[in-house]
2 protein chains.
Amino acid sequence: MSATNPGSRPGLSREVVAERAVALGDAEGIEAVTVRRLARDFGVTSMALYWHFRTKDDLLAGIGDHILDAVEVPDPSGDWAADLRATMIALVTALRPHPQLAPLVTVRLAEHPHGLALTERGLGVLVEAGFDPETATYLALHGLRVALATVAPPEGDKRGSLSAEEMDAGVRHKTAALGALPPQQYPTLVAHAPVIANTLCRDEDTTMLIDVFVAGVQAMSARLR
Amino acid sequence: MSATNPGSRPGLSREVVAERAVALGDAEGIEAVTVRRLARDFGVTSMALYWHFRTKDDLLAGIGDHILDAVEVPDPSGDWAADLRATMIALVTALRPHPQLAPLVTVRLAEHPHGLALTERGLGVLVEAGFDPETATYLALHGLRVALATVAPPEGDKRGSLSAEEMDAGVRHKTAALGALPPQQYPTLVAHAPVIANTLCRDEDTTMLIDVFVAGVQAMSARLR
DNA sequence: ACCTGAACACCGTTCAAGT
DNA sequence: ACCTGAACACCGTTCAAGT
């Protein structure tokens with residue numbers, strides 16, 4: 001009931017801290033999300049946070065949960081392929097504002113109510129499509145991972161903490177690097193160096209990648225008959 | 001020429017250190033791969049490693065390169081879909097022995113010769129399949145990520161440093177957790193709790209997931225005509 | 001119930017110095 | 001060219017103590 005009494009004690013709580021952690025991670029990247037840094041921002045000792053979170057992993061779980069809170073679980077339509085797609089889009093929509101933090105939701109998919117709802121829906125439509133439970137589980141798990149991969153920057157990527165000029169410099173550098181490759185060995189890379197470099201550094205078209213997955217599952221399903 | 005003179009000085013080198021780092025990461029997980037720990041194992045100061053690696057990121061790059069060394073780039077067959085599949089299988093085959101370290105190769109795909117060769121092949125077959133360079137880049141990049149996702153354990157997963165008993169305990173715990181969910185809300189999860197829990201905790205069938213991706217790309221390609 | 005203070009065992013990294 | 005020693009600025013976490 002008393003979340004942030006103005007002018008009084010910090011009034012920490014799981015949600016308040018998680019929200020701030022998300023803001024910090026969005027702004028400065030996941031490696032900036034540190035117990036000590038967070039405490040400093042709240043004007044509080046590091047150990048104050050340990051009253052609300054058992055461990056740092058627990059704090060990261062809080063971040064994942066906070067992101068999953070925003071998921072809007074779609075209603076079933078009767079068309080299983082459309083429902084599969086809608087499920088993935090629902091996840092991606094919630095993750096999109098937090099590309100740097102998206103990986104943190106993976107572990108929470110089997111815990112958070114919305115994560116469970118998406119998993120249930122994904123599994124349900126796949127069983128409906130004719131897959132046995134084991135294969136359906138593989139596909140559902142992978143489908144959620146594909147959704148994640150479409151919003152998260154590649155592993156080890158530093159962008160997000162990069163300015164527009166730095167990104168442009170990155171694109172030019174990459175273009176030059178690709179263009180300098182031996183053309184007989186790497187004809188495609190050399191021929192399309194500029195567009196490839198730009199594509200590698202910019203956002204991806206997530207919708208198409210989800211459509212590829214759904215189309216693949218449809219093809220597999222058709223082979224079952 | 002002088003790599004490990006028996007009985008003499010440590011004889012460190014980029015390759016020797018990277019190889020040890022891979023062994024350590026495979027055995028104890030990526031978070032065990034630490035500059036200080038590695039130095040201790042070599043009986044050497046931490047700073048000794050900084051002669052061979054500019055920074056820790058550079059060391060991680062060395063790990064990625066060492067893994068990519070094992071890639072056998074397949075010969076083209078003329079069938080673009082088969083070639084796309086072979087490219088992904090080639091990557092997965094090299095990554096499979098090092099599930100915990102697989103994410104480290106992502107950044108090296110555009111640097112290491114074998115990574116470039118796989119990227120070139122992937123892009124080439126997709127352009128051949130009728131996609132414009134930008135779409136082909138999206139798809140190639142994502143295809144390599146899919147390959148990665150099929151071997152790497154889910155984000156935040158601790159298995160690999162788990163014993164067989166601990167994993168069985170995990171499966172039982174997960175089964176119980178899923179089985180305890182409200183059945184009217186999560187009918188599929190409850191109905192197949194044991195097989196789902198087991199599937200979630202064991203290795204995935206990577207081949208099928210790659211086939212799903214290839215089938216999806218084939219479907220997209222067919223829609224282009 | 002909620003937070004502080006001091007301490008422990010770790011990190012990556014710099015810089016001057018040794019051989 | 002290759003490695004050491006000492007130091008700096010960080011981590012997560014425990015544990016006893018305060019209010």
Side-chain angles (χ1 to χ4, degrees), chain A residues 1-21 24-25 27-64 100-101 103-104 107 155-156 158 161, chain B residues 1-21 24-25 27-64 100-101 103-104 107 155-156 158 161:
Chain A
M1 281 300 169
S2 64
T4 37
N5 299 354
S8 82
R9 293 281 84 174
L12 296 184
S13 73
R14 256 191 157 262
E15 299 80 42
V16 169
V17 175
E19 190 170 357
R20 191 91 152 215
L24 177 58
E28 306 188 23
I30 193 168
E31 71 282 358
V33 179
T34 236
V35 178
R36 291 176 124 103
R37 164 68 187 273
L38 226 32
R40 189 154 54 81
D41 287 1
F42 275 112
V44 114
T45 320
S46 330
M47 289 68 65
L49 301 187
Y50 279 88
W51 181 260
H52 305 277
F53 299 94
R54 270 181 14 262
T55 163
K56 193 189 176 177
D57 273 358
D58 193 26
L59 199 165
L60 297 179
I63 293 180
Q100 317 233 35
L101 306 176
L104 296 179
V107 241
E155 208 78 25
K158 305 292 186 219
S161 28
Chain B
M1 281 303 168
S2 63
T4 38
N5 300 352
S8 82
R9 295 280 84 175
L12 296 184
S13 74
R14 258 193 155 261
E15 300 80 41
V16 169
V17 175
E19 189 169 359
R20 192 90 153 216
L24 178 57
E28 306 187 24
I30 194 168
E31 71 283 357
V33 179
T34 237
V35 178
R36 291 177 125 102
R37 164 68 188 271
L38 225 32
R40 188 154 53 82
D41 287 1
F42 276 112
V44 114
T45 320
S46 331
M47 288 67 64
L49 302 187
Y50 278 88
W51 181 261
H52 305 278
F53 299 93
R54 269 182 14 264
T55 163
K56 191 187 177 179
D57 274 357
D58 193 25
L59 198 164
L60 297 179
I63 293 181
Q100 316 233 39
L101 306 175
L104 295 179
V107 240
E155 207 79 26
K158 305 292 185 216
S161 27

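Lettering follows sequence order; numbering is per chain, from 1.
- Neither OP1 nor OP2 of C:dG12 sits under 4.0 Å from any side-chain N or O of B:Thr55.
- Taking B:Arg36 as the reference, nothing meets the salt bridge (Lys or Arg N to Asp or Glu O under 4.0 Å) condition, with sequence neighbours excluded.
- Considering only side-chain atoms of B:Val44, the nucleotide from C:dC3, D:dC3, C:dG12 that sits closest is D:dC3.
- B:Leu38 places a side-chain heavy atom less than 4.5 Å from the side chain of B:Leu59.
- With B:Val17 as reference, B:Leu12 is the one residue of B:Val44, B:Ile63, B:Leu12 to meet the side-chain contact (heavy atoms from CB on, under 4.5 Å) rule.
- Not one side-chain nitrogen or oxygen of B:Ser46 sits closer than 4.0 Å to the OP1 or OP2 atom of C:dT13.
- If you measure from atom CG of B:Leu38 to atom P of C:dC10, you get 16 Å, rounded to the nearest angstrom.
- Taking the side chain of A:Trp51 as heavy atoms from C-beta on, and the options C:dA1, D:dT4, D:dT13, the nearest nucleotide is C:dA1.
- In this structure, CD1 in B:Ile30 is found 10.5 Å from CG in B:Leu24, a value given to the nearest 0.5 Å.
- Using a 4.0 Å cut-off, no side-chain N or O of B:His52 falls inside it from OP1 or OP2 of D:dA1.
- Scanning for salt bridge (Lys or Arg N to Asp or Glu O under 4.0 Å) contacts around A:Arg20 gives an empty result, with sequence neighbours left out.
- Rounding to the nearest 0.5 Å gives a distance of 11.0 Å between OG1 of B:Thr34 and CD of B:Glu28.
- Rounded to an integer number of Å, the gap from A:Arg40 CZ to C:dT4 C1' is 18 Å.
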For every nucleotide of nucleotides 14-19 of chain C, 5' to 3': is a protein heavy atom under 4.0 Å from its base (B), only from its sugar-phosphate (S), or from neither (-)?
-> B-----

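- When rounded to the nearest whole Å, the span between CZ of A:Phe53 and P of D:dG12 equals 13 Å.
- Taking atom CG on B:Asp58 and atom P on C:dG12, their separation rounds to 14 Å, with Å as the unit.
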Starting at the 5' end of DNA chain D, what dot-bracket string do you get if Watson-Crick and G-U pairs under 3.5 Å are bracketed, crossing pairs use [ ], other-strand pairs use | and unpaired bases use dots?
-> ||.|||||...|||||.||

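- Take A:Ser13 and apply the side chain to side chain contact (heavy atoms under 4.5 Å, CB included) test, not counting sequence neighbours, and it matches A:Glu15, A:Val16.
- Atom NZ in B:Lys56 sits about 15 Å away from atom P in C:dC10, given to the nearest Å.
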Could you go step by step and tell me if A:Asp57 and A:Val107 meet the side chain to side chain contact (heavy atoms under 4.5 Å, CB included) rule?
-> CA-CA 11 Å; A:Asp57 273 358; A:Val107 241; over 6 Å; no

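- Rounded to an integer number of Å, the gap from CZ of A:Arg36 to P of C:dT4 is 14 Å.
- Applying the side chain to side chain contact (heavy atoms under 4.5 Å, CB included) rule to A:Tyr50 yields the partners A:Val35; only residues at least two apart in sequence or on another chain are considered.
- Looking at the side chain of A:Thr45, the nearest of the listed nucleotides D:dT4, C:dT4, C:dT13 is C:dT4.
- Put simply, CZ on A:Arg14 is 18 Å from C1' on C:dC3, counting in whole angstrom units.
- Nucleotide C:dA9 holds its C1' atom 17 Å from the CD atom of B:Glu31, rounded to whole Å.
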